J.: 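Here it is, the structure in full.
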Amino acid sequence: MASSIWNWVQRWDDRWTPLLTLKPGQGLGWSLATFLAHSGDSWFWVGALALVWLFTTGDWHRRAALLAAAVGVQALAVFALKQFIRRPRPEGEWGAIYRNVDPHSFPSGHAARAALLAVMGLGLGPQWFAVLLLIWAPLVSLARVATGVHYLSDVLAGILLGSLMGAGMLALSDWLMRLFPFFF
């Protein structure tokens, strides 16, 4: 049964993913896609959140700690799923770092991270931050397909997973702040 589901998913991806994939070096669209694809990197978010946490107090300090914790949990969950599912990335030229370090594509960690951050931005505020993340998240997800490092189903699964994890982390945020008050 699982094999027939994966066969159906692969056929679906074979039909729809190429419609969203760009050719490497294809002008401004390609440059924008590569920028957006990289903007969801976990190292970037952990580093930026660490700086916010170090140099702020109050609401932004707490937000940064919660978001960083969520990114860490999300990364571990996606890693575990990728190791279990082991779906190879699409063939392609771009993204050697992703292809070499993490050859598995399902689910997309970048899409999961972007959705997680957007959902948490909605819950944590401020409104302008949430709006930015809500605009950014689907662009990152589409960029991962456009640059050829993910199938469309990879990012759809990542968006679903990240959204659920974001909601879960928001639900656990008061408990986390009580359990680890020194981070918040």
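Here the structure is a predicted model, which is why all the values come from computation and not from measurement. In this chain, numbering begins with 1 at the start of the sequence shown.
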J.: I need the full list of ring pair (Phe, Tyr, Trp, His ring centres under 6.0 Å) pairs touching residues 130-184, with sequence neighbours left out, sorted by first then second residue.
T.: W45-W136
J.: Would a hydrophobic clustering, with Ile, Leu, Val, Met, Phe, Trp and Tyr connected at side-chain separations under 4.5 Å, put L116 with L66?
T.: yes
J.: Kindly check if the number of other-residue, nucleotide or ligand heavy atoms within 6.0 Å of CD (Q83) is above 12?
T.: yes
J.: Ignoring hydrogens, what is the shortest heavy-atom contact between L117 and L133? Give both atom names and the distance.
T.: O-CD1, 3.2 Å
J.: Using atom types as modelled, flag every donor-acceptor pair under 3.5 Å from a side chain in residues 67-80 to any protein atom, sequence neighbours excluded.
T.:
residue: Q74; atom: OE1; partner: R113; partner atom: NH1; Å: 2.9
residue: Q74; atom: NE2; partner: G109; partner atom: O; Å: 3.2

J.: Rounded at 0.5 Å granularity, tell me how far CG in L28 sits from CG in L32.
T.: 6.5 Å
J.: I'd like to know whether L124 forms a side chain to side chain contact (heavy atoms under 4.5 Å, CB included) with F129, so could you lay out the CA-CA distance, the side-chain angles of the two residues, the decisive distance to 0.1 Å, and finally the verdict.
T.: CA-CA 9 Å; L124 298 173; F129 183 61; over 6 Å; no
J.: Would you say L160 ends up clustered with L134 if hydrophobic residues are merged whenever their side chains have heavy atoms under 4.5 Å apart, either directly or through other cluster members?
T.: no
J.: Is it the case that atom CG in L179 sees more than 12 heavy atoms from other parts of the structure closer than 6.0 Å?
T.: yes
J.: Between V46 and F55, is there shared hydrophobic-cluster membership here, with clusters defined by ILVMFWY side-chain heavy atoms closer than 4.5 Å?
T.: yes
J.: Please round to the nearest 0.5 Å and tell me the distance separating atom CG of L20 and atom OG of S141.
T.: 11.5 Å
J.: Can we call the ring centroids of F84 and H104 under 6.0 Å apart?
T.: no
J.: Are L49 and W53 packed together at the side-chain level, in the sense that at least one heavy-atom pair is separated by less than 4.5 angstrom?
T.: no
J.: So which heavy atom on P18 is nearest to which on D13, and how close?
T.: CD-O, 3.4 Å
J.: Would you sort out whether D59 and R62 count as a side chain to side chain contact (heavy atoms under 4.5 Å, CB included), showing the intermediate values?
T.: CA-CA 5 Å; D59 289 341; R62 280 188 295 282; 2.6 Å; yes
J.: Tell me, do L142 and V155 make a side-chain contact under 4.5 Å, heavy atoms counted?
T.: no
J.: Show the nearest heavy-atom pair for residues L161 and L81, with the distance to one decimal.
T.: CD2-CD1, 3.7 Å
J.: Can you confirm whether W16 is buried at CH2, in the sense that more than 12 heavy atoms of other residues, nucleotides or ligands lie under 6.0 Å from that atom?
T.: no
J.: Suppose we screen for side-chain contact (heavy atoms from CB on, under 4.5 Å). Which residues come up paired with A37, at least two apart in sequence or across chains?
T.: W94, A143, R144, T147
J.: Testing the basics here: between R89 and V149, what is the closest heavy-atom pair and its distance to 0.1 Å?
T.: NH1-O, 2.8 Å
J.: Would V52 end up clustered with M177 when hydrophobic side chains under 4.5 Å apart are linked, directly or stepwise?
T.: yes
J.: List the atom of D154, the atom of S105, and the distance in Å for their closest heavy-atom pair.
T.: OD2-OG, 2.9 Å
J.: Restricting to non-hydrogen atoms, name the atom on G158 and the atom on P107 that form the minimum distance, rounded to 0.1 Å.
T.: N-CB, 3.9 Å
J.: Would you kindly confirm whether L164 and L176 end up in one hydrophobic cluster when ILVMFWY residues are joined by side chain heavy atoms under 4.5 Å apart?
T.: no
J.: I'd like to know if D14 and R11 make a salt bridge, using a cut-off of under 4.0 Å between side-chain N and carboxylate O.
T.: no
J.: Under 6.0 Å from the ring centre and within 45 degrees of the ring axis: does the NZ or CZ of R63 meet both conditions for the six-membered ring of W60?
T.: yes
